[in-house]
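Note sheet for the following structure.
First the proteins, then the strands, lettered A, B, ... as listed; each starts at 1. Just so it is clear, the values below take in all heavy atoms, side chains as well, and ignore hydrogens, waters and symmetry mates.
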Protein chains: 2
Amino acid sequence: MEDKKIKNMEEFASVSGISRPTLSKFFNDPASVRASTRRRIEAALEQYDYRPNLYAINQNRRLTKNIGVVVPYLSDPFFAEIARTIEAHVLETGYRPVLLGSHGNADQEIENLESLRLLKPAGVLLAPLGRASDRNRIAAFGQEVPTVLFDANIEETGAAFVGSNNGQSIDLIVDYLCRTGEPPAFFEMKEPTNPNAFKRRNAYIEAMERLSLTPHLIQAAGEGWEFEEIGFREGTRVVRDRNLPTNTILCSNDRLAIGFLSAAYEAGVRVGLGPDCTMRVAGHDNHPFSRYTCPTLTTVSQDYEAIAQKSAETLMALIEAQTPPDSRRETLFDGRLVMRGSA
Amino acid sequence: MEDKKIKNMEEFASVSGISRPTLSKFFNDPASVRASTRRRIEAALEQYDYRPNLYAINQNRRLTKNIGVVVPYLSDPFFAEIARTIEAHVLETGYRPVLLGSHGNADQEIENLESLRLLKPAGVLLAPLGRASDRNRIAAFGQEVPTVLFDANIEETGAAFVGSNNGQSIDLIVDYLCRTGEPPAFFEMKEPTNPNAFKRRNAYIEAMERLSLTPHLIQAAGEGWEFEEIGFREGTRVVRDRNLPTNTILCSNDRLAIGFLSAAYEAGVRVGLGPDCTMRVAGHDNHPFSRYTCPTLTTVSQDYEAIAQKSAETLMALIEAQTPPDSRRETLFDGRLVMRGSA
DNA sequence: ATTTAAAATTTACGCGCGTAAAGTCATTTC
DNA sequence: GAAATGACTTTACGCGCGTAAATTTTAAAT
């Protein structure tokens, strides 16, 4: 087909016999022109290789069809997975997702937002780093660009938040663990980078107290995003010392649990439900790799799909409304218990 | 500082007392103006909040400062890691990386290239899917845009290729395994998606024959990119049937090995070097999670850093030369043996 | 066949910046 | 101090498309 290259819309107008303003309308929304002319244009598009110049288009629009998607760490399969799902939902709505990772770095996070601002995006879906984030600058960005936060909440920032109901999910797993064995100790980082970690800690304590049990926190030192390494290090210590009031460990997230399980294995401690097992370990998130740990990891699944869909949906509504929302809305999705071999 | 918003370069010219063409030169290359005027501009930039409009800039350039980076699967920590490293190198050279994942899908891969073409990138770094890739269209793209392939090679396509020396790395691990125990069988997918898999298979066969040993292939059925799942499924079968001529398994890549190890654990087969172990397993790639398998995975590390740096470097040279290279160059980096607990 | 509303065309301007040409100014060289 | 070189300013055009206004065509409704 593709007979010859067309340089610009003017040229395409002359070869297709359609006026340029009509073509412009067509490319902005094919449904906005009469069905018969639409067919004529589409026929011409099959003959000639033409696509409108992206930069010329966006220069004249106040807002583009770009949607920024920022996650704290692209190498983390959890975020990679959720980014991928969000990407698909954004594409469905006819927008162009621009995916950026913050590499666990607050400066990079701000740079990503700055870089997005130049793209004049219609909106941004942002999963903030959490504690390390420059909250003021993120809030300022949220004032200028329609922004929906997901995964990690920052109060009063952005137009909405979509995430997991950590209270419910921790309740769920604590109840399960208590029902089926000894009550769990809670294994976490001493200074978590992520606000969800704080919520989970508090939810654990409340859940235990509700059951008239004494909460027990195991707090690992360590900075950064090498959670497996931290879980491994602290897990090795815990297993060696053997001074726990319980044989059951609930990890604040699956990546810590993966490291912990590795440590237990190395130390020769059998984890799981079998008769020769001396310890139970559970996680949180249903990390893509939690199916392949040894033993397979019992955990609470976050509803990736729902979070992705709702975030995208909320942002779209925000964009189409063209007006800041009356009030900031927070949506939380319940977790689902995933019973596997480790607890 | 940031007194007031400046609308465009014209306005910034009047408030800063510098002519617009000079400003234009400055923003394209700060070193291209006299040091004294450069200081004046930079001083003005601290007072006024102005950044050139990205779209207007790129509309008038034949090529932009964008560098496309395409990987087959962003959720795979291996590619996430290498993408991240490449991204950093691209940024260093003053270009803007645009990261796209193909989701294991050939159509998506082509769409990514199409989408990049609209961005008028200065060059593209592409890790193709492999067997599934539409080789013709990728080759055609390589004719139009300076393109360097990495990780997976496609003959005659793109201006250069940078990857791992699978021959050397498989030799290395086969030698090691033979030196320290029974010679390995090779565990792989029957119809690999990735050309490296074929190279590794052949390298294994050659290495075995060189040692006057009989190669033994275990080929798992299965499509797609769920390598752990395939490794788990086939691993379960292998362990159950117990009709192997050897107790040592060399997996074509770490993700298969991760699934295999999980299967062995579930089946109660001890893997490793200890006296109670009945099997050895090795992998290839030094996948970020191979440190946390049970037992930890002995593998061959690909030189991520070297591949990333060399790819970026090669592309930059290509871009600056502004002329298609005299001949296509292939660069292969040696692997490094990583001895851990599994073999 | 006539009216009418919707859609397409013609014409024209603007977006913000790259860039070329000619002229002016500052800095270096002898 | 004059000449020469380089840096800057002024002026002006073009990039490809969005979009507004006025006009004409088309298709549907009476």
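When rounded to the nearest whole Å, the span between CG of A:Asn28 and C1' of D:dG16 equals 13 Å. If you measure from atom CG of A:Asp29 to atom P of D:dT19, you get 12 Å, rounded to the nearest angstrom. At whole-Å resolution of the value, CD in A:Gln59 and P in D:dT19 are 13 Å apart. For B:Phe12 and C:dG18, the CZ to P distance is 13 Å, given to the nearest whole Å. Nucleotide D:dG18 holds its P atom 12 Å from the CG atom of A:Asn8, rounded to whole Å. Distance B:Lys25 NZ to C:dC17 C1': 16 Å, rounded to the nearest Å. Rounding to whole angstrom units, CG of residue B:Asn53 and C1' of D:dG18 are separated by 14 Å. Taking atom CG of B:Leu118 as the reference point, atom P of D:dC17 lies 11 Å away to the nearest angstrom.
With rounding to the nearest 0.5 angstrom, the CG atom of A:Asn153 is 4.5 Å from the CZ atom of A:Phe161.
Within the 4.0 Å cut-off from OP1 or OP2 of D:dG18, not a single side-chain nitrogen or oxygen of B:Tyr55 is found. At D:dC17, one or more side-chain N or O atoms of A:Tyr50 fall inside 4.0 Å of OP1 or OP2 (strictly under the cut-off). Residue B:Asn58 places no side-chain N or O under 4.0 Å from the OP1 or OP2 atom of C:dC17. Distances shorter than 4.0 Å separate some side-chain N or O of A:Thr37 from OP1 or OP2 on C:dA8. At the phosphate of D:dT9, OP1 or OP2 sits under 4.0 Å from a side-chain N or O atom of B:Thr22. Residue B:Ser19 places no side-chain N or O under 4.0 Å from the OP1 or OP2 atom of D:dT10.
Scanning all heavy atoms of the two residues, the minimum distance from B:Glu330 to B:Glu155 falls at OE2-OE1, 4.3 Å. In plain terms, the two heavy atoms of B:Leu129 and B:Pro72 that are nearest each other are CD2-CB, 3.5 Å.
By the 4.0 Å N-to-carboxylate-O rule, B:Glu156 lies too far from B:Arg135 to be salt-bridged with it.
Side chain of A:Asn60, nearest nucleotide from C:dA8, C:dT9, D:dG16: D:dG16.
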Report each atom pair, protein N/O against N/O of nucleotides 20-22 of chain D, whose distance is under 3.5 angstrom.
none

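Taking for each of B:Val33 and A:Ile57 the nucleotide of DNA chain D with the nearest heavy atom, the 5'-most of the two is the partner of B:Val33. The residue among B:Lys7 and A:Ser36 whose nearest nucleotide of DNA chain C is located toward the 5' end is A:Ser36. Each of A:Leu23 and A:Arg20 was assigned the nucleotide of DNA chain C with the nearest heavy atom; the assignment lying further toward the 5' end belongs to A:Leu23.
Among residues two or more places apart in sequence or in another chain, the salt bridge (charged side-chain N to carboxylate O under 4.0 Å, His left out) test is passed with B:Arg61 by none. The side chain to side chain contact (heavy atoms under 4.5 Å, CB included) check on A:Ser75 picks up A:Tyr73, B:Ala80, B:Glu81, B:Arg84, with sequence neighbours excluded.
You'll find the side chain of B:Val98 reaches within 4.5 Å of the side chain of B:Leu116, heavy atoms only. Looking at heavy atoms from C-beta onward, B:Leu54 lies out of side-chain contact with A:Lys120 at the 4.5 angstrom threshold.
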